[in-house]
Amino acid sequence: MQVALTFDTPGVIAVVMTGCHVLKSTPRVPLRLNFTAASELRACQQLLPRLTRNVMSKRNLASPSTPSRKKSKGSSDQHSLHRYFDASAKRESTASPSKSKAKQKAHTIPTAAGVQLQNDHIDITADDALYAWKLAEKDGLDLDTLRKLENANSRGAQVPRPATVEVIDVDLEDEITPAAATSTTEIAGPSTPTLRPATRSIPGSPSVSPQAAQTYSALHVHPAHYDLESGTWPTGSPAPYSFLAHTLATVSGTRSRITILNTLTNALRTITMHHPPSLLPALYLLSNSLSPPYSPIELGLGPSIVSKAIQNISGLTSAALKRLYTSTGDAGDVAFEAKSNVRTLIPHPPLLIIGVYGSLLKIAHAKGQGATKQKQSIVEQLLVAAKGEEIRFLVRTLSQNLRVGAVRTSILTALARAMVLTPPPGLSVPIPSDSPFCVSPEIMLRAKATTTNAKKKHGDRPEDTLNEFFDKAEGLVKKVYVQHPNYDHIATALLEAGLDGLAVRLPLTVGIPLLPTLGSPTRSLDEIYSRLELLPFSAEFKYDGQRAQIHASRDDNSQVYVKLFSRHLEDMTDKYPDVVALVTDMCKSRAGSFIIDAEIVAIDPNSGSLKSFQDLANRARKDVKLDDVKISVCVYAFDIMYLDEQILLERPFRERRALLRSRFPPVIPEQKGAARFDHVQSCESEEGREAIEEFWQTAVNSSCEGLMIKLLDNGEVLEDSEKGKSRRKPLPATYEPDKRTSAWLKLKKDYVTGLGDSLDLVPIGAWHGNGRKAQWWSPVLLAVWESETGKLVGVCKCMSGFSDVFYKNMKERYPENSETCSRQPLWSPAVETGGLRPEVYFKPQEVWEIRGADITMSPVSVAALGLVSQTRGLSLRFPRFIKIREDKGLEQASTPEFLANMYRIQQATGKDRTGADDGDLVDVDLEDAERMDSEASTG
DNA sequence: GTTGCCTGCCC
DNA sequence: ATTCTGC
DNA sequence: GCAGAATGGGCAGGCAAC
């Protein structure tokens, strides 16, 4: 049990027994207390006054009376907890006094509540477990691996039982059945958990050092100097989560790539060495994911629940937490600070990497009524169990924002290096004698010697030898991952067969998406010609739709199997039954299998003309039946990566495209509204620059985003080296998964000066930034100027395009609580913000040039309300700051009419979507827009 | 049964 | 998606 | 030039609150 002492309201000391899991905000929910000995309770109660004094003298977090603020509506700062603390502050302040009295009373009679344990306990029944397995199976997870994990989990978790208090341990839940839950009321025998801090308290004694935790050896050292044996945990035991927290803390403490990679490498080596089954969950936790991207497992939990959980386990008021949040800009830091006020009487058994991962899975699998409560409950149990640094990273993980300076690439690099240095114990396939990844002891010794000496001799750099091994391994692991992005399969393969067995085991596979090639942004045709010089290229329409990777294969029974993946590899097969039907038909006329890259675009079912991205976004996503499809689409194919057992990634684009064109002719099904198949419209550089420029104009006028320029053949381009010399550098025209290569250049109309929608807007408010922008205003709320009334009306938020220097200056021009920046609007007659409610208001005094790609009909903005729609305002897609318009005053800022007109022009252009030049600019008047509105809502 | 908060995922 | 920053 | 972080508008879907 843990006891938190907090100052809930001035003059009142609330006592929260967090270890017993008091659900502070929901008094109706029974307290989860389960005292096994009355003396234990008495001991605790006797301690309370003393602990109260300790905390009071140490730190005063008493909050002033909570001002009741309006709950923000519709403003969704994705990674921000501000609004939720705000929202809770309101709820708290409006809560009836009797309620809070009842709350405190309840805390003092835990025995009564203890009886109700069963009501609030999350039952993990055998059926649930079975269901989870079925889900996992359906999701394509590797069941064996998961099962192994679960077993390892149970085995490890049994060791660190609390001595005298029954705690529902998140690590144990997997094995808790209703029967088990009731039987554990017996007092377990004393045990010596493997990771019990040295300062472990005798049960009931006044330990007030909850942060005492295992100390691990430094991880940031060069791997050659890292000692795998000391300062860890016993070999064979599951890796503790505190080790991962230590790793993350080390990584987040530096910006040096070298240090980050050293740290991750050493951490993964340690885990591999001491407990291989912990490797996979460690990889998932490091990468802040739960499953392969194409599996539908999601946490389904965000800042809202996390903030409530932090409140509950810390007992701090939302106002106090909000202050913490404003100063740190990180939910994890808030939780860390908040929990530093929680006094732990009896240490909780250590969290394990496997256990934490398991809890996350459990959160993800909570579905249906009561799911939110279940999720929150699991979160709170995790937070209660977390010690020291653990809570910081636990909360960041739960907020889906780990932010330690290492994501996928670093993790893969580190994994590769770890496998070079520390091949997994117990490989079922021995390392071949000629393994290219086997580092000899001599090389290790030399690497060690070289990295010790600061001075390196030129010409004789033996550490390069080790680096060569690293390079080879990194290349392999990254290549395998981008073609087969599944940590589960990778970890399993590595643990069984090492680096040597990886590539064979995990080939490019139909049914498993590969990471797509990406385009580099360019600002003009000039830039494109200077980057590609005279190399032949193809210019393709860049349609405003959704990227789709289409997988199809046919088995021996002529059963066709089709999968569609999004740009981020989500499985969206269910969203496009019409495309599945189309592809199935295409398959029937041919044998074999293929993977095609394409853009799905909404079209008019009659004319086939292109429709907007927003039209496409209106499609349903889940369990869509063929008959339910209301928005017709065309699949515009532009690449092929796999055809009839042939991997085409290494072939030049010209060749791939020829295959695509010859083997997959366009399809327009008889049935109206059925999905169509076509090739992207394109133009060759051989046709000359004038033709390309004309093609570009056509693309822009056809409501495409612009052009994709693709190198046709492998070539070489000039590269500026540092010394002013130029070298020839190869530029391959191969399919490069996950690369933003120069061989694919995107030219969007909104990149080109003068073509994008540029507005002159007034900054009228802002929010506190997060993370590295915690000390600045970000994002900023921007407004149009309503000239007749003098009102300012919010259009959109903006956070992109500001340099750090600009942020600093902005903060100086708008210091918090000043004449230019206040919690209250600083303008008369009024600022209207609609659903965009900033944390602070600026004094309107500047005009900024803001660029965007499109004007959108907005559900939250009230700018230009009534001009094109009675119910919706206008906003801006992809807004970014260009510069301050020093030459403009407020009166010269863009008006709602200007914005509305821009929207009308855009819509008119949209009616000419085939590229045919009928130039019939239709003025979208009010009635027109309203009709479209109602059609959209009823249709 | 309806509304609205919250999340995930498209761009 | 867009953009900026440190390595 | 890469890798990472901090965030934009806006949709559907799922759940909770009314």
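Keep in mind it's a predicted model, so treat the numbers as computed, not measured. Lettering follows sequence order; numbering is per chain, from 1. Keep in mind that the numbers below use all heavy atoms, side chains included, and drop hydrogens, waters and symmetry copies.
- R396(A) comes within 4.0 angstrom of nothing in the nucleic acid, heavy atoms only.
- Taking only side-chain nitrogens and oxygens, Q614(A) comes nearer than 4.0 Å to OP1 or OP2 of dC11(D).
- Separating the CG atom of L836(A) from the P atom of dG8(D) is a distance of 10 Å, rounded to the nearest angstrom.
- Sorted by first then second residue, the salt bridge (Lys or Arg N to Asp or Glu O under 4.0 Å) pairs that include residues 754-768 of chain A, not counting sequence neighbours, are D760(A)-R885(A), D760(A)-K888(A).
- Nearest to the side-chain atoms of S304(A) among the listed nucleotides dA3(D), dC6(B), dG13(D) stands dC6(B).
- Contact annotation for V780(A): no contact, since no heavy-atom pair falls under 4.0 Å across all strands.
- Checked by atom type, the side-chain pair T573(A)/D571(A) shows a donor-acceptor distance below 3.5 Å.
- Listed by chain and residue number, E736(A) satisfy the salt bridge (charged side-chain N to carboxylate O under 4.0 Å, His left out) test with K739(A) (two or more places apart in sequence, or in another chain).
- Using C1' as the reference atom, dA1(C) and dG8(B) are 15 Å apart when rounded to the nearest Å.
- Considering only side-chain N and O atoms, K622(A) lies nowhere under 4.0 angstrom from the phosphate OP1 or OP2 of dG13(D).
- Map L518(A) and F881(A) each onto its nearest nucleotide of DNA chain C; the residue landing nearer the 5' end is L518(A).
- Listed by chain and number, the residues in a salt bridge (charged side-chain N to carboxylate O under 4.0 Å, His left out) with R567(A) amount to none (sequence neighbours excluded).
- In terms of the salt bridge (charged side-chain N to carboxylate O under 4.0 Å, His left out) criterion, K808(A) has no residue partners (sequence neighbours excluded).
- Applying the 3.5 Å distance criterion, the base of dC11(B) shares no donor-acceptor pair with the side chain of R547(A).
- The side chain of R872(A) lies closest to dC11(D), out of dG9(D), dC11(D), dA12(D).
- Taking atom NZ of K773(A) as the reference point, atom C1' of dA6(D) lies 5 Å away to the nearest angstrom.
- Within the 4.0 Å cut-off from OP1 or OP2 of dT7(D), at least one side-chain nitrogen or oxygen of N770(A) is found.
- In the set dC10(B), dG13(D), dT7(D), dC10(B) carries the atom at the smallest distance from any side-chain atom of H568(A).
- The distance from atom CG of D615(A) to atom P of dG10(D) is 14 Å, rounded to the nearest whole Å.
- Here the nucleotide nearest the side chain of S858(A), chosen from dT7(D), dG10(D), dC9(B), is dG10(D).
- The interatomic distance linking I855(A) (CD1) with dG9(D) (P) rounds to 13 Å, in whole Å.
- Ion pair R621(A)/D574(A) not flagged as a salt bridge, since none of the NZ, NE, NH1 or NH2 atoms sits closer than 4.0 Å to an Asp/Glu carboxylate oxygen.
- In this structure, R619(A) atom CZ and dA12(D) atom P are separated by 12 Å, rounded to whole Å.
- Only K746(A), K748(A), Y751(A), listed by number, bring a heavy atom of residues 739-751 of chain A to less than 4.0 angstrom from any atom of DNA chain C.
- Taking K746(A) as the reference, nothing meets the salt bridge (charged side-chain N to carboxylate O under 4.0 Å, His left out) condition, with sequence neighbours excluded.
- Of the listed nucleotides (dG8(D), dC11(B), dC9(B)), dC11(B) has the atom at the smallest distance from the side chain of F613(A).
- Note on R257(A): a side-chain N or O is less than 4.0 Å away from OP1 or OP2 of dG4(D).
- Within 4.0 Å (heavy atoms only), L876(A) reaches sugar-phosphate atoms of the nucleic acid but no base atom.
- When distances run from any side-chain atom of T409(A) to the nucleotides dA6(D), dA3(D), dC11(B), the shortest one goes to dA3(D).
- For DNA chain C, the contact window with chain A, defined by any atom under 4.0 Å from a protein heavy atom, covers dA1(C) to dC7(C) in 5' to 3' order.
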Listing time: all N or O pairs from protein to nucleotides 16-18 of chain D that are below 3.5 Å?
| from | atom 1 | to | atom 2 | distance (Å) |
| --- | --- | --- | --- | --- |
| dA16(D) | OP1 | G370(A) | N | 3.1 |
| dA16(D) | OP1 | A371(A) | N | 3.3 |
| dA16(D) | OP1 | T372(A) | N | 3.2 |
| dA16(D) | OP1 | T372(A) | OG1 | 3.3 |
| dA16(D) | OP2 | G370(A) | N | 3.0 |

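- Residue-to-nucleotide proximity on DNA chain C shows that, of R880(A) and R255(A), the 5′-proximal contact is made by R880(A).
- Atom CH2 of W767(A) is separated from atom P of dG8(D) by 8 Å (rounded to the nearest Å).
- E527(A) and Y751(A) form no side-chain donor-acceptor contact under 3.5 Å, judged by distance and modelled atom types alone.
- When distances are taken from the side chain of A406(A) to each of dT7(B), dG4(D), dC11(B), the shortest belongs to dG4(D).
- Remark: N401(A) is not in phosphate contact with dA5(D), judged by side-chain N or O atoms under 4.0 Å from OP1 or OP2.
- Spacing between atom CG of D854(A) and atom P of dC10(B) amounts to 20 Å, rounded to whole angstrom units.
- A salt bridge between D544(A) and K749(A) is absent, with no side-chain N of the basic residue lying under 4.0 Å from a carboxylate O of the acidic one.
- By the side-chain contact (heavy atoms from CB on, under 4.5 Å) test, S530(A) pairs with no residue at all, sequence neighbours left out.
- Between the side chain of R740(A) and the backbone N or O of G519(A) there is at least one donor-acceptor pair closer than 3.5 Å.
- Minimum atom distance to the side chain of P779(A) is reached by dT7(D), of the listed dT7(D), dG10(D), dC11(B).
- Applying the side chain to side chain donor-acceptor pair (under 3.5 Å) test to S566(A) and every residue at least two apart in sequence or in another chain returns nothing.
- Annotation: side chain to side chain donor-acceptor pair (under 3.5 Å) contacts of S742(A) (sequence neighbours excluded): R531(A).
- Separating the CE atom of M708(A) from the P atom of dC11(B) is a distance of 13 Å, rounded to the nearest angstrom.
- In this structure, R403(A) reaches the dA6(D) phosphate: one of its side-chain N or O atoms is under 4.0 Å from OP1 or OP2.
- Distances shown here put every side-chain N or O of S778(A) at or beyond 4.0 Å from the OP1 or OP2 atom of dA6(D).
- Under the rule for a side chain to side chain donor-acceptor pair (under 3.5 Å), Y543(A) has no partner lying at least two apart in sequence or in another chain.
- Within the 4.0 angstrom heavy-atom criterion, no nucleotide atom of any strand lies near L616(A).
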